[in-house]
Amino acid sequence: MEQEVGEQVDEQLERMAAGSIDFVGLQELRPRLTEALNAGRPLRVKLGMDPSAADLHVGHSVTLEKLRVFQELGHTPIFLVGDFTARIGDPTGKNKARPPLEPEQIRANAQTYVDQVGKVLDADRAEIRFNSEWMDAMSPTDFVRLCSRYTVARMLERDDFAKRYREGTAISVHEFLYPLVQAYDSVALQADVELGGTDQLFNLLVGREIQRDYGQPPQAVITLPLLVGTDGKEKMSKSVGNTIGLTEPPQEIYGKTMSISDSLMADWIPVLSFGRWDDLEASVSGGAEDPLSVKQELARRLVDRFHGEGASSGAEAHFRQVIQQGRAPDEVPEVEIPLGSDGDAGLLDVMRQALGLASNGEARRLVSGGAVRLDEQRIDDPKVRLPAGEYLLQAGKRRYARVRLTSEP
RNA sequence: GGAGAGGUACCAAAGCGGCCAAAUGGGGCGGACUGUAAAUCCGCUGGUUUUACCUUCGGAGGUUCGAAUCCUCCCCUCUCCA
């Protein structure tokens, strides 16, 4: 029996560590895990996210997948929605303070997070918590006491703060509070382990110290690689606009994946694999394989991962038709536009309405750029007027609308 | 509280009385090329009824025929001193 638990511990630790960048407190975790297994008590594993945007994306899925591994190992996954911390704004990796969010926005985002987490995790068996639960209840006195546990000098050790301080960009005092609140969350949740992206290392480590101060054994910290966004440059993030959202339609996930560079694909595969895509990892590291078909396979698997097995076939067909062959998709949004007394309408107006463009100027630019087709014929003259009838309007490769111009009786 | 330096379009950054709807770079959007891409090249990137007009250079006033540019007050950021 003793022997068996020992083996189990090794096996579990190995799965916990797989694909991670840092694993702080591994040695302390070993006896703790052994004890937990013997007592039949699951570890409490925390993963926090701020509801700063409405959508979780593939980048978030990296840590979520790891949390799922813990769930599979029988531990308690705690998904912490940082509705309080969102009001502070995580300064990590930022060169300026984040604008704080409106409470309603935070609440709305938090709700969608909970829904989206179910795409990766068995949400029914996960503990889902909000840090406003204890933070709103904390008295100012207790809050100041929390702040007294850490020093400014140590705060300034953090790379992004140090950099901003050096460069003379503003650091507001409240930004220092963020790591402390995140750390206190671990106290409140009595976390045994906390997960995060590598950029979270500092915050996660503060958690260890604060837990010690509050008389708790410090959590183990596991960091995972950050996923570079579709632009191939910056970390995937909503504000940069280089994300693939977990809830995006299959053809979007597929298309965006296909649009990444071949070299980025090589970065993505090991990060997203979780030991499940040995074949893809092999073909990438081998390097010999045709990148197009590898990327298509990656796109298929991502679609299937978030939309369920088989969801990718439609997305792939759509991609082949619209992007590779440049033909109209099967489903084109239909727009009906009533004509005024003139009996016809200007092309630019029609484009703006049918394609949702910001202005006629934008429509004009598309026309002069040679991007616009009407019933498959390229249009060069922005002054064209269209009489009543039905048209297939196209701007660029991907924007289509079937427009019906109707004359009003 | 004192002294100084700044706030320019999505971002960075030039401009410092008219030639400024504002250089340049990045980003974005198109086009060409391609195996999807990337890279590269080309075009566009405030609005409108587009040879012109309207709104824009932190905010509000003022000087001037004319202001992003000069003056006054205010707000914000940074540095040094206290």
Side-chain angles (χ1 to χ4, degrees), chain A residues 91 93-99 161-175 228-244 251-269 280 283-284 287-303 312 315-327 340 342 344-353 355-373 378-385 393-400:
Chain A
K94 296 287 155 185
N95 49 19
K96 53 181 141 182
R98 281 192 181 184
F161 283 145
K163 193 160 163 240
R164 281 165 66 184
Y165 193 66
R166 216 183 310 122
E167 289 173 357
T169 39
I171 303 173
S172 300
V173 173
H174 78 275
E175 297 187 69
V228 176
T230 51
D231 60 357
K233 288 175 193 144
E234 292 188 64
K235 161 190 163 189
M236 185 173 283
S237 116
K238 186 79 173 184
S239 56
V240 181
N242 59 2
T243 62
I244 299 180
Q251 45 184 260
E252 285 299 309
I253 295 180
Y254 192 96
K256 284 187 177 184
T257 304
M258 290 307 291
S259 80
I260 69 175
S261 73
D262 291 350
S263 58
L264 180 59
M265 169 176 72
D267 289 345
W268 273 25
I269 286 174
L280 283 186
S283 55
V284 156
E289 199 113 9
D290 161 33
L292 177 58
S293 55
V294 177
K295 203 181 289 175
Q296 282 178 312
E297 186 58 31
L298 172 65
R300 272 195 289 273
R301 290 189 194 184
L302 285 177
V303 172
S312 58
E316 183 161 73
H318 178 270
F319 182 81
R320 193 173 297 132
Q321 182 169 333
V322 177
I323 305 298
Q324 290 187 298
Q325 298 173 5
R327 293 188 291 124
D342 296 348
D344 61 3
L347 173 67
L348 300 182
D349 274 322
V350 172
M351 284 178 66
R352 186 168 45 75
Q353 290 178 61
L355 301 173
L357 305 181
S359 67
N360 281 14
E362 188 183 352
R364 187 188 314 276
R365 277 174 235 129
L366 286 167
V367 172
S368 54
V372 177
R373 285 164 193 273
R378 174 172 292 186
I379 305 288
D380 298 308
D381 179 7
K383 288 189 181 140
V384 170
R385 298 197 68 82
L393 178 64
Q394 176 186 3
K397 263 185 185 166
R398 305 177 53 224
R399 277 177 282 192
Y400 281 91

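In what follows, every chain begins at residue 1, and chains take the letters A, B, ... in the order their sequences are listed.
- Phosphate contact (OP1/OP2 of B:G27, side-chain N/O of A:K233, threshold under 4.0 Å): present.
- The side chain of A:A170 lies closest to B:U77, out of B:U36, B:U77, B:G47.
- Distance from the side chain of A:R364 is smallest for B:U49 among the nucleotides B:G35, B:U79, B:U49.
- Using P as the reference atom, B:A22 and B:C10 are 15 Å apart when rounded to the nearest Å.
- In this structure B:A38 sits in no base pair that meets the Watson-Crick or G-U test at under 3.5 Å.
- Comparing the same atom, P, in B:C41 and in B:A60 gives a spacing of 42 Å after rounding to whole Å.
- The partner of B:A3 is B:U79, judged by Watson-Crick or G-U wobble contacts that both fall below 3.5 Å.
- Rounded to whole Å, the C1' atom of B:G27 lies 27 Å from the corresponding atom of B:G35.
- Across the strands present, B:C33 finds no partner; the criterion is a Watson-Crick or G-U wobble pair with both atom distances under 3.5 angstrom.
- To the nearest 0.5 Å, the span separating CD1 on A:I260 from NZ on A:K295 amounts to 6.0 Å.
- Under 4.0 angstrom from either OP1 or OP2 of B:C44 there lies no side-chain N or O belonging to A:S368.
- Nucleotide B:U55 is matched to nothing when pairs are restricted to Watson-Crick or G-U wobble geometry with both distances under 3.5 angstrom.
- Nearest nucleotide to the side chain of A:D290, out of B:G31, B:A37, B:G35: B:G35.
- The nucleotide B:A9 finds no pairing partner, because no Watson-Crick or G-U wobble arrangement with both distances shorter than 3.5 Å includes it.
- Which of B:G30, B:U79, B:U36 sits closest to the side chain of A:F319 comes down to B:U36.
- Between A:D231 and A:R352, the residue anchored closer to the 5' end of RNA chain B is A:D231, taking for each the nucleotide with the nearest heavy atom.
- The nucleotide whose nearest atom lies closest to any side-chain atom of A:S359 is, among B:G30, B:U48, B:U36, B:U48.
- Rounded to an integer number of Å, the gap from A:L357 CG to B:C29 C1' is 11 Å.
- A salt bridge does not link A:R164 with A:E167: none of the charged nitrogens is closer than 4.0 Å to a carboxylate oxygen.
- The separation of B:G30 from B:U77, taken at their C1' atoms, amounts to 38 Å, rounded to a whole angstrom.
- Across all strands shown, nothing is found opposite B:G17 as a Watson-Crick or G-U wobble partner with both distances under 3.5 Å.
- Proximity of A:R365 to the phosphate of B:G47: a side-chain N or O atom is located under 4.0 Å from OP1 or OP2.
- Atoms CG and CG, on A:L355 and A:L393 in that order, are 4.5 Å from each other to the nearest 0.5 Å.
- Taking CZ of A:F319 as the start and OG of A:S312 as the end, the distance is 13.5 Å to the nearest 0.5 Å.
- With a cut-off of 3.5 Å on both pairing distances, the Watson-Crick or G-U wobble partner of B:U72 is B:A60.
- Comparing A:L366 and A:S259 by the nucleotide of RNA chain B whose heavy atom lies nearest to each, the residue mapping closer to the 5' end is A:L366.
- The shortest distance between the side-chain N/O atoms of A:N360 and the OP1/OP2 oxygens of B:U50 is not below 4.0 Å.
- Minimum heavy-atom separation, A:K235 to A:N242: O-ND2, 3.4 Å.
- Between A:Q296 and A:E316, the closest side-chain pair of non-hydrogen atoms falls below 4.5 Å.
- Taking 4.0 angstrom as the limit, A:R399 places a side-chain polar atom (N or O) nearer than this to OP1 or OP2 of B:G30.
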